[in-house]
Amino acid sequence: MPDIVHFEYAQTGKSAQVDSLGMREMQARAYAARSAQYLLLKSPPASGKSRALMFIALDKLYHQGIKKVIVAVPERSIGGSFSRTELRKFGFFADWEPADKYNLCTAGSDSNQGKVDAFKTFMDSEEKILVCTHATLRFAAEGLDEKKFDDCLVAIDEFHHVSASDSSRLGELLRSLISKSSAHIVAMTGSYFRGDSVPVLSADDEALFTKITYNYYEQLNGYKFLKSLGIGYHFYQGKYTSAINEILDTNKKTILHIPNVNSGESTKDKRSEVDFILDSIGNVEGQDAETGVISVRRKDGKLLKVADLVDDEPNNRTKIVDYLRKIEKPEDMDLIIALGMAKEGFDWPYCEHALTVGYRGSLTEIIQIIGRCTRDSENKVHAQFTNLIAQPEAKDDEVVVAVNNMLKAITASLLMEQVLAPEWNFKTREDGDNSEEPGTIKIRGLKKPTSKRVESIIETDLDELKASILQDRAIQSAIPGDVDPEVINKGLIPKIIRTKYPELNDEEVEELRQHVVVDTALRRATIEQQGDKRFIRMAGKFINIDDLHIDLIDAINPFQAAFEVLSKSVTPDVLKLIHETIEMTRIEMTDEEAIILWPKVKVFKQERGREPSMTSMDPQERRLAECIIYLKKRKRESNANQDA
């Protein structure tokens, strides 16, 4: 099927360029804010966050009175990103030199007493740098007074693992350090979207952080080799293993993530799934005893190198992970099959295709997986993310789950579209203002922010707000276009804003609402010059940019384009089923009314030779159509109860 999202980039090469201190553009931007006590660095995979932290940490050690640096990563494999690094040779004033004994990202449980004791010994030693996992930091901190972290820098990598929830031990530790110590904090993440309704930080805590943002468009547009990125979906019926060869192209360097064993897409036998995939490619000729690499002879004779990261036997896992870390050229690996690995922090720059089976509930996980194929590498000009998803079937008792998963997948792609597109600056067009500014779109009637809080959200947090909007069930149900656009823009969206930012008054909510709707609707806008006039494409037609008004934008469903792509990629019966399933959640009807209406439904079908339509102008016909949908829902519920 066609991509829901497709981008072309300029290949400027800026992302890899360094200044006189050896810093890339993002790193220099972060370093400029190095004196802040609390720093939040939001930057995509492969942009150099780990080295940015080294620059900032060394300045704090040498020039800001910080005595110790503690770097915490979510899993041991990521700890290698913070190993010894020579920075002087690139122009910086010091090297990053952590002591080997205080690299606690080593074999063994993150909570074992040896690592906890080593952490505590470090806190009383003269050593300056320690690297550990989030878990080790949590366990070690339980036995320490918060004052022990005074004059320390605590750097938390993959910061989205933190949560404002009372049940989050990492979040609780962070709040304690903020309130009870003088510790400095650097938080780093490639995705600030947790994928659930719980924020990473409370509004009060988040307001303390200086935010440095380097967006995905800046990163990808500055690559030297990568020219384009596509995000698409492929739908299947039955078992995914029967459809995998339709989308798995072994000519492309691919990471294939099979579904979680608890998901509906899984066959519940992960080992058999891997075996099936290998056999479908060709003949397995053997597995190297030293590296764990599997050799598969494709049907055309080409020999492929495959890594099995689904096999969780410790010895096998260690061998293949060590091999993957040492890869130096594209021909060293062709296909990686994984389940829970090869996502966050995993670096295989040659990857061209990230193929994921099954819906992923976390936006963070989706962004991390896409990041596996968006590294810049001379072996590729295009990167592709494909999500293989079960297509709902009318006979399927899990039809509601399947439809919801499809809609959630589409909304995830819409968020990625927003994240990956270039940013526009939106301003209010005043009467008599005919001037134009590069990178700016002026809109009549657009409210200006009246508070610093709204200004801050617009400048740094719009993508996070969009994530909250796109994760809302009411918004997901409205995407197919059955809800009036103004209901979405003026009803559903402000409700979400009030929930996310309860401190805003009605005027501030409206200001923010307008800006998020405008930014969502116009983020991918294209402007064409015709004579002395400029036109912008909106809702399938070109509009004179001088006539652009907030009322016009409010009359557009900003999410409908993705569903239009989907509608061309599934059968009319499946599309009808999707609409019916969505309507199930909206229809208010009793069993008694349905019993009364059912004979009228049968008469309607006999007289007209078709079922009543939900899109009819006749309200009585629409109610008969709702009766059919309601009865289908009741039948499914009855079948489910009998199976239970």
Does the structure place the NZ or CZ of K115 under 6.0 Å from the centre of the six-membered ring of F139, at an angle of no more than 45° from the ring's axis?
no
Only one of S81, C105, S50 forms a side-chain contact (heavy atoms from CB on, under 4.5 Å) with V73, so which one is it?
C105
Any donor and acceptor pair, going by atom type alone, linking the side chain of D95 with main-chain N or O of R88 inside 3.5 Å?
yes
Ring center gap for F93 and Y62 short of 6.0 angstrom:
yes
Side-chain heavy-atom pair S182, D151 within 4.5 angstrom cut-off:
yes
Is it the case that the side chain of E313 and the backbone of N316 share a donor-acceptor pair, with hydrogens and angles ignored and the cut-off at 3.5 Å?
yes
Would you confirm whether T133, through its side chain, and E75, through its main-chain N or O, come within 3.5 Å as a donor-acceptor pair?
no
So which heavy atom on Y38 is nearest to which on A183, and how close?
CE2-O, 3.6 Å
Is it the case that the side chain of T189 and the backbone of K42 share a donor-acceptor pair, with hydrogens and angles ignored and the cut-off at 3.5 Å?
no
Going by distance alone, is a donor N or O of one side chain under 3.5 Å from an acceptor N or O of the other, for S47 and Q219?
no
Using side-chain heavy atoms (C-beta onward) and a distance below 4.5 Å, is V5 in contact with L229?
no
From CA spacing to verdict: side-chain contact (heavy atoms from CB on, under 4.5 Å), Y216, D463:
CA-CA 11 Å; Y216 276 75; D463 285 341; over 6 Å; no
Where do K466 and D519 land on the salt bridge (charged side-chain N to carboxylate O under 4.0 Å, His left out) test, with the steps shown first?
CA-CA 10 Å; K466 289 175 188 176; D519 198 80; 2.3 Å; yes
Heavy-atom nearest pair, Y31 first then F55, reads CE1-O, 3.5 Å
Is it the case that more than 12 heavy atoms not belonging to E142 sit under 6.0 Å from its CD atom?
yes
Quick one: closest heavy-atom pair of P74 and E158, and the distance?
CG-CG, 3.5 Å
Which residues pass the salt bridge (charged side-chain N to carboxylate O under 4.0 Å, His left out) test with D312, not counting sequence neighbours?
K270
Evaluate the salt bridge (charged side-chain N to carboxylate O under 4.0 Å, His left out) criterion for residues D145 and K180: first the C-alpha distance (whole Å), next the side-chain angles of each, then the deciding distance (0.1 Å), finally the verdict.
CA-CA 9 Å; D145 186 279; K180 299 178 181 179; over 6 Å; no
Measure from the side-chain N and O atoms of N387 to the backbone N and O of T356, and report whether any donor-acceptor pair falls under 3.5 Å.
yes
Heavy-atom closest contact (L339 atom, H257 atom, distance)
O-CD2, 3.8 Å
Who are the side chain to side chain contact (heavy atoms under 4.5 Å, CB included) partners of S468, not counting sequence neighbours?
I496, K500
Qualifying residues under salt bridge (charged side-chain N to carboxylate O under 4.0 Å, His left out), relative to D308, sequence neighbours excluded:
R271
For L153, run the side-chain contact (heavy atoms from CB on, under 4.5 Å) check against K68, K60, Q64 and tell me which one passes.
K60
Output yes when a side-chain donor or acceptor of S456 lies under 3.5 Å from a complementary backbone atom of K452, and no otherwise.
no
Go through E459 and K211 one step at a time and tell me if the salt bridge (charged side-chain N to carboxylate O under 4.0 Å, His left out) criterion holds.
CA-CA 10 Å; E459 288 175 3; K211 297 176 184 177; over 6 Å; no
Would a distance-only check, ignoring hydrogens and angles, find a side-chain to backbone donor-acceptor pair under 3.5 Å from Y323 to D332?
yes
Do the non-hydrogen side-chain atoms of L324 and L309 ever get within less than 4.5 Å of each other?
yes
Check against salt bridge (charged side-chain N to carboxylate O under 4.0 Å, His left out), E508 and R453:
CA-CA 9 Å; E508 290 172 321; R453 179 61 175 144; over 6 Å; no
F426 vs L522 side-chain heavy atoms within contact, under 4.5 Å
yes
Neighbour count above 12 (heavy atom, 6.0 Å) for K319 NZ
yes
Can a donor-acceptor pair be found, under 3.5 Å and without considering hydrogens, that links the side chain of K67 to the backbone of F149?
no
So, for P349 and K380, which heavy atoms are closest and what is the spacing to 0.1 Å?
O-NZ, 3.1 Å
To the nearest 0.5 Å, what is the distance between CG on L61 and CE on M54?
13.0 Å
Contact between V154 and L137 at the side-chain level, heavy atoms closer than 4.5 Å - yes or no?
yes
Counting distance only, does the side-chain N/O of Q37 pair as donor-acceptor with the main-chain N or O of I185 below 3.5 Å?
no
Note, F385 side chain near T374 side chain (heavy atom, < 4.5 Å)
no
Taking atom NZ of K224 and atom OG1 of T12, what is their separation to the nearest 0.5 Å?
12.0 Å
Other residues, nucleotides and ligands only: do more than 12 of their heavy atoms fall within 6.0 Å of NZ on K120?
yes
Rounded distance [0.5 Å steps], CZ in R473 versus CD1 in I475:
13.0 Å
If you apply the rule side-chain contact (heavy atoms from CB on, under 4.5 Å), what do you find for L462 with L512, and how did you get there?
CA-CA 9 Å; L462 272 191; L512 184 53; 4.2 Å; yes
Looking only at heavy atoms, what is the nearest atom pair of R375 and D347, with distance?
NE-OD1, 3.4 Å
Identify whether the distance between the nearest side-chain nitrogen and carboxylate oxygen of E437 and K427 falls below 4.0 Å.
yes
Working to the nearest 0.5 Å, report the span between CH2 of W348 and OG of S377.
10.0 Å
Drop me the distance from H134's NE2 to R138's CZ, to the nearest 0.5 angstrom.
9.0 Å
With a 6.0 Å cut-off (strictly less than), is the heavy-atom count around CD of E507, excluding the residue itself, greater than 12?
yes
Please lay out, stage by stage, how L58 and F92 fare under the test side-chain contact (heavy atoms from CB on, under 4.5 Å).
CA-CA 10 Å; L58 288 169; F92 198 59; 3.8 Å; yes
When rounded to the nearest 0.5 Å, the distance separating CD of E510 from CD of Q514 is 4.5 Å
Heavy-atom check, side chain of K495 versus side chain of D472, under 4.5 Å
no
Min side-chain heavy-atom separation I70-F122 under 4.5 Å:
yes
Can you check side-chain contact (heavy atoms from CB on, under 4.5 Å) on D461 and Y501, steps first, answer last?
CA-CA 11 Å; D461 293 344; Y501 303 108; 4.0 Å; yes
Short question: side chain of Y214, backbone of A30 - any donor-acceptor pair under 3.5 Å?
no
